[in-house]
Amino acid sequence: MKAADFRYVRPKTLEAALSYLAGEADAMPLAGGQSLMPMMNFRLAAPELLVDLNDLSELDYVSASPDGWLEIGAMTRYRTLSAHPHLPCYAPLIAKALPHVAHAAIRNRGTVGGSIALADPAAELPAILLALAGEVVLQGPSGERVVEADDYVLGPYMTAREDGELVTKVRIPLAKDGDRFGFCELTRRHGDYAMAGCFVAASHDFEAVRIALFGVADRPVRSFGAEVALQGHRGDDADLEKAVAALTDVEMMGDVHNTADTKQHLAGVALKRAFLEARG
């Protein structure tokens, strides 16, 4: 199939893009297009107006702020982010995960803001944001606002972003010396959607632990039970088994390939591997 008819604009400034989005009830922004264009071709999305953001160079940047945040502009492509020389220092968890985001062709075009705006339950970046206690910066007709990662994803492909708003950047705390990070993603083939994935972010002594799962529920989720089970522990076999058992606080959802019970098992495997990597 092919997309339904639509009008197309390519604004040169963020202000102009927001004006177009506010002025048309059925307008949609286009960033990398790696999800939106297939959805349009299958008639799952049919905007009246397509607002192409690809000339908004003001949203294409990676920078460390003086107040201790890594700021990534929404139009930064995966390829650009992964090539940043300081990324492994600024955000080791992102550096670990980026090679697992789809395939090279997708990473060449896909954008950080596009992934965060779509909030696919099996996508890596929304889960990373959750694990690292990041923030999403939104801008719309009423100005700019900041939403914490814990409050951003509301359900399957549902976020706190309101009509007329754009994701303009994400903010992630810069990694500190001694911080520990682990990542595991289980797929049928490299580059496929995750059957289950886990990110672990912890302080050097594991007194603070955040665990984010993706690909197992209707959104990226934290397991507070697993976090409590591992907080202050080095993750011996008994600790890890308690953490895996605590994953029952997450409502797993099956799909066409795996049942909810299989997802529960895979989440436990991913958690163990990610935590052992974090422990080192």
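Every heavy atom of this structure was used, including side-chain atoms; hydrogens, water molecules and symmetry mates were not. Keep in mind it's a predicted model, so treat the numbers as computed, not measured.
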So [Y] and [X], do their side chains get closer than 4.5 Å, heavy atoms only?
X      : Y      : answer
Leu30  : Val51  : no
Gln34  : Ser115 : no
Ile211 : Cys198 : yes
Asp255 : Lys263 : yes
Leu59  : Leu53  : no
Arg171 : Asp67  : yes
Glu165 : Arg145 : yes
Leu213 : Pro220 : no

Between the side chain of [X] and the main-chain N/O of [Y], is any donor-acceptor distance below 3.5 Å?
X      : Y      : value
Ser203 : Ala208 : yes
Thr76  : Tyr61  : yes
Arg43  : Lys2   : yes
Gln231 : Glu207 : yes
His190 : Pro99  : yes
Asp179 : Lys176 : yes
Asp249 : Gly225 : yes
Arg210 : Arg222 : no

Report whether Leu166 and Ile72 are members of the same hydrophobic cluster (ILVMFWY, side-chain heavy atoms less than 4.5 Å apart, transitive linking).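 No; Ile72 is not reachable from Leu166 via cluster members.
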
Cluster overlap Leu138 with Leu14, hydrophobic side-chain contacts below 4.5 Å: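 Unlinked, Leu138 and Leu14 end up in two clusters.
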
What pairs with His86 under side chain to side chain contact (heavy atoms under 4.5 Å, CB included), at least two apart in sequence or on another chain?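 For His86, the residues satisfying side chain to side chain contact (heavy atoms under 4.5 Å, CB included) (neighbours in sequence not counted) are His84, Tyr90.
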
Partners meeting side chain to side chain contact (heavy atoms under 4.5 Å, CB included) with Ala31 (sequence neighbours left out):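 If we apply the side chain to side chain contact (heavy atoms under 4.5 Å, CB included) test to Ala31, skipping adjacent residues, the hits are Met75, Thr111.
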
Can you see which heavy atom on [X] is nearest to which on [Y], and at what distance?
X      : Y      : value
Gln264 : Thr248 : NE2-N, 3.5 Å
Val167 : Ala74  : O-CB, 3.0 Å
Val209 : Leu230 : CG2-O, 4.2 Å
Leu18  : Gln139 : CD2-O, 3.3 Å
Ala91  : Leu70  : CB-CD2, 3.8 Å
Pro121 : Ala217 : CB-O, 3.5 Å

Do the rings of Phe275 and Phe206 sit parallel, tilted or perpendicular, given the 30° and 60° boundaries?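 Rings of Phe275 and Phe206: tilted, 30 to 60°.
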
Given side chain to side chain contact (heavy atoms under 4.5 Å, CB included), test Asp26 with Leu49 step by step and report yes or no. CA-CA 7 Å; Asp26 196 12; Leu49 176 65; over 6 Å; no

If the threshold is 4.0 Å, N to carboxylate O, is there a salt bridge linking Glu277 and Arg180?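 A salt bridge is absent here (no side-chain N lies under 4.0 Å from a carboxylate O).
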
Between Arg109 and Arg77, does a side chain to side chain contact (heavy atoms under 4.5 Å, CB included) hold up when you go through it step by step? CA-CA 6 Å; Arg109 292 294 303 168; Arg77 303 194 191 279; 3.5 Å; yes

